[in-house]
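Every heavy atom of this structure was used, including side-chain atoms; hydrogens, water molecules and symmetry mates were not. Indexing begins at 1, ligand by ligand and atom by atom, following the structure's order.
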Amino acid sequence: MATKRMIRCPKCGIFNTDKEYCTNCNTLISHQKKVEIRAENVKQQQVDKAIYEKEHPNLAERLKKHPFWLYRIAGWFLYSTIMIISTIGAGLAWFIAMVAAG
Ligand SMILES: [Zn+2]
């Protein structure tokens with residue numbers, strides 16, 4: 001005999017068998033579905049973040065385009081620093097990978 005999952009609706013108290021939504025009041029009752037929706041939301045947030053970052057360049061990029069020359073210099077300085085740090089980081093990651101590989 002197949003076991004069916006009985007899920008009690010938290011809103012109206014009706015028992016539902018293998019349903020994602022309550023048959024009585026349409027409340028989402030499936031735990032699996034809740035997890036899926038949450039995962040979907042996380043994915044959507046990542047997409048939103050990527051779009052936001054594309055539309056809003058970082059501080060270094062903004063400073064580089066600033067009308068006041070001192071801010072532009074600061075922007076380039078910041079940009080160079082970020083580039084150097086990320087280059088060192090990449091080099092370090094490569095070095096660690098090489099050492100780990102033996
Ligand atoms: Zn219900």
Side-chain angles (χ1 to χ4, degrees):
M1 199 181 94
T3 47
K4 286 192 171 177
R5 286 181 309 122
M6 293 285 284
I7 306 163
R8 188 173 178 270
C9 174
K11 203 172 171 185
C12 67
I14 293 285
F15 280 94
N16 295 271
T17 311
D18 284 330
K19 293 279 193 300
E20 287 180 343
Y21 293 90
C22 176
T23 49
N24 187 46
C25 67
N26 222 29
T27 301
L28 179 64
I29 52 171
S30 165
H31 178 69
Q32 176 74 31
K33 193 76 182 172
K34 279 180 188 169
V35 170
E36 280 173 23
I37 288 171
R38 201 173 302 154
E40 199 65 39
N41 287 344
V42 168
K43 210 187 289 171
Q44 189 57 46
Q45 277 169 15
Q46 284 170 345
V47 171
D48 289 346
K49 192 166 173 277
I51 292 166
Y52 180 85
E53 280 173 1
K54 205 177 174 192
E55 286 176 353
H56 302 81
N58 64 41
L59 183 65
E61 291 296 328
R62 284 210 310 270
L63 285 173
K64 272 158 67 181
K65 293 185 184 86
H66 200 280
F68 185 43
W69 62 273
L70 197 61
Y71 282 101
R72 282 203 299 274
I73 290 170
W76 280 106
F77 185 75
L78 196 65
Y79 179 74
S80 311
T81 309
I82 292 164
M83 288 307 277
I84 290 163
I85 289 168
S86 55
T87 305
I88 291 168
L92 206 64
W94 177 83
F95 180 75
I96 290 165
M98 284 300 113
V99 170

Can you give me every donor-acceptor pair (side chain of residues 68-81, partner residue at least two apart or in another chain, under 3.5 Å) with its distance?
from: Arg72; atom 1: NH1; to: His66; atom 2: O; distance (Å): 2.8
from: Arg72; atom 1: NH1; to: Pro67; atom 2: O; distance (Å): 3.0
from: Ser80; atom 1: OG; to: Trp76; atom 2: O; distance (Å): 2.6
from: Thr81; atom 1: OG1; to: Phe77; atom 2: O; distance (Å): 2.7

List the atom pairs, donor and acceptor, that lie under 3.5 Å between side-chain atoms in residues 82-89 and the rest of the protein, sequence neighbours left out.
from: Ser86; atom 1: OG; to: Ile82; atom 2: O; distance (Å): 3.0
from: Ser86; atom 1: OG; to: Met83; atom 2: O; distance (Å): 3.0
from: Thr87; atom 1: OG1; to: Met83; atom 2: O; distance (Å): 2.6

Quick one: does [X]'s side chain get under 4.5 Å of [Y]'s, heavy atoms only?
| X | Y | value |
| --- | --- | --- |
| Leu28 | Lys34 | yes |
| Ile29 | Pro10 | yes |
| Asp18 | Ile7 | no |

Excluding waters, which protein N, O or S atoms are within less than 2.8 Å of the Zn ion (ligand 1)?
Cys9 SG, Cys12 SG, Cys22 SG, Cys25 SG

Pairs involving residues 40-50, ordered by first then second residue, that meet side chain to side chain donor-acceptor pair (under 3.5 Å) (sequence neighbours left out)
Gln44-Asp48, Lys49-Glu53

